[in-house]
Amino acid sequence: LKSILRTLRSAVSNNVETSVALGDNPRSKLALELASLAEELAVTYVKLGSLGFGSVNDATKTYRDLKECFRDLKFVAVAYADYEVVRCLSPINVLNAAYRSDYDVVMIDTLIKNGRSTFDYLSPNEVKKVKDSAHDRGMLFALAGSLQPKHVSLVKRVDPDIVGFRSAACDGDRVGGKVVRNRVELLVKTYGRQPL
């Protein structure tokens with residue numbers, strides 16, 4: 001992480017916005033350790049999953065407690081498009097907890113990494129409803145979840161503030177793969193603006 005941040009900041013600028021995923025379980029010891037490291041390294045955003053919550057109130061308490069501990073970070077609450085399969089809070093419920101916790105961004109992603117995209121679980125209209133609700137509350141909306149170039153027209157219908165095309169930009173698996181220039185160029189050309 002230190003190496004990546006150093007490279008980005010020297011190649012782009014010290015003001016480049018960066019993010020770190022803290023994991024799917026926001027109550028884990030690892031999430032706290034990573035948040036502490038992210039704050040120390042001046043990372044902009046930290047992304048927290050929403051596994052293990054029994055209610056919006058439960059999620060709100062956990063999200064608030066984390067935000068209180070790390071005041072220099074911007075927080076992203078991650079909801080899962082496949083929430084019915086994994087039996088966790090819906091994206092609207094995660095959004096409500098994030099709003100009550102004064103989070104900056106709500107994101108829809110997929111938890112199960114089996115090649116099925118966000119749009120295999122939610123329609124563009126359902127995703128857009130979450131985005132509009134986030135905007136109504138003064139929050140940004142991010143979208144990810146096994147998105148490929150074939151999903152660009154659906155992404156454009158939703159028009160998120162931030163969109164993540166990880167597997168579409170990489171050669172190899174989602175963890176060990178490396179970003180490939182021609183894939184990024186194709187995404188930029190297809191999407192019409194630089195994907196974040």
Side-chain angles (χ1 to χ4, degrees), residues 1-52 62-63 65-81 98 101-115 117-118 139-149 151-152 155 160-196:
L1 179 59
K2 288 178 182 177
S3 174
I4 291 167
L5 291 171
R6 186 168 46 250
T7 301
L8 276 173
R9 289 168 179 163
S10 63
V12 183
S13 91
N14 280 331
N15 297 325
V16 66
E17 291 191 329
T18 53
S19 68
V20 172
L22 304 184
D24 297 312
N25 179 358
R27 292 187 177 120
S28 73
K29 183 180 176 188
L30 180 59
L32 286 171
E33 290 171 356
L34 288 172
S36 181
L37 178 63
E39 189 170 57
E40 177 187 324
L41 297 174
V43 169
T44 316
Y45 293 94
V46 289
K47 297 177 284 189
L48 279 165
S50 51
L51 280 187
T62 301
Y63 283 160
D65 288 348
L66 279 163
K67 187 158 176 92
E68 285 294 314
C69 291
F70 303 101
R71 295 183 177 269
D72 293 333
L73 296 170
K74 293 182 180 179
F75 282 83
V76 180
V78 180
Y80 303 111
S101 307
D102 197 28
Y103 273 31
D104 303 278
V105 185
V106 69
M107 177 178 182
I108 294 181
D109 197 353
T110 52
L111 179 66
I112 302 168
K113 305 301 182 186
N114 61 2
S117 80
T118 290
M139 300 170 69
L140 294 175
F141 176 74
L143 180 62
S146 298
L147 299 175
Q148 299 293 328
H151 298 116
V152 165
V155 172
D161 302 297
I162 304 163
V163 59
F165 288 101
R166 181 183 13 202
S167 57
C170 294
D171 186 17
D173 66 52
R174 61 179 296 277
V175 175
K178 301 211 184 259
V179 176
V180 178
R181 177 183 288 274
N182 66 342
R183 289 187 177 209
V184 173
E185 288 173 347
L186 175 64
L187 284 169
V188 171
K189 181 180 177 183
T190 307
Y191 192 63
R193 62 179 176 163
Q194 185 171 353
L196 302 174

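FYI, the numbering just counts along the sequence from 1.
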So which heavy atom on [X] is nearest to which on [Y], and how close?
X: T7; Y: S10; answer: O-OG, 3.1 Å
X: D109; Y: T118; answer: C-OG1, 4.1 Å
X: A79; Y: S50; answer: CA-OG, 3.9 Å
X: H151; Y: S117; answer: NE2-OG, 3.3 Å
X: V43; Y: L73; answer: O-CD2, 3.4 Å

Derivation of the side-chain hydrogen bond (donor to acceptor under 3.5 Å, both in side chains) call for D102 and Y63: CA-CA 9 Å; D102 197 28; Y63 283 160; over 6 Å; no

Does the ring center of F75 lie less than 6.0 Å from the ring center of Y45? no

Is it true that, when you exclude I4 itself, more than 12 heavy atoms of the residues, nucleotides or ligands shown sit nearer than 6.0 Å to its CD1? no

Is any side-chain heavy atom of [X] closer than 4.5 Å to a side-chain heavy atom of [Y]?
X: D171; Y: R183; result: yes
X: P26; Y: L66; result: yes
X: T62; Y: R27; result: yes
X: V179; Y: V184; result: yes
X: V163; Y: L147; result: yes
X: V78; Y: L48; result: no
X: V46; Y: L34; result: no
X: D104; Y: M139; result: no

To the nearest 0.5 Å, tell me how far [X] [atom1] sits from [Y] [atom2].
X: R6; Y: L1; atom1: CZ; atom2: CG; value: 10.5 Å
X: E185; Y: K189; atom1: CD; atom2: NZ; value: 10.0 Å
X: K47; Y: K74; atom1: NZ; atom2: NZ; value: 15.0 Å
X: L143; Y: I162; atom1: CG; atom2: CD1; value: 10.5 Å

Taking atom types as modelled and ignoring hydrogens, do the side chains of S167 and Q148 form a donor-acceptor contact shorter than 3.5 angstrom? yes

Side chain of [X], backbone of [Y]: donor and acceptor closer than 3.5 Å?
X: T110; Y: A81; answer: no
X: E39; Y: D72; answer: yes
X: S36; Y: L32; answer: no
X: S28; Y: N25; answer: yes

Between Y80 and I112, is the side-chain contact (heavy atoms from CB on, under 4.5 Å) condition met? List the steps. CA-CA 9 Å; Y80 303 111; I112 302 168; over 6 Å; no

Parallel, tilted or perpendicular: which describes the rings of F165 and Y191, with under 30° parallel and over 60° perpendicular? perpendicular

Test side-chain contact (heavy atoms from CB on, under 4.5 Å) on Y103 and K67; report intermediate values, then the result. CA-CA 8 Å; Y103 273 31; K67 187 158 176 92; 4.0 Å; yes

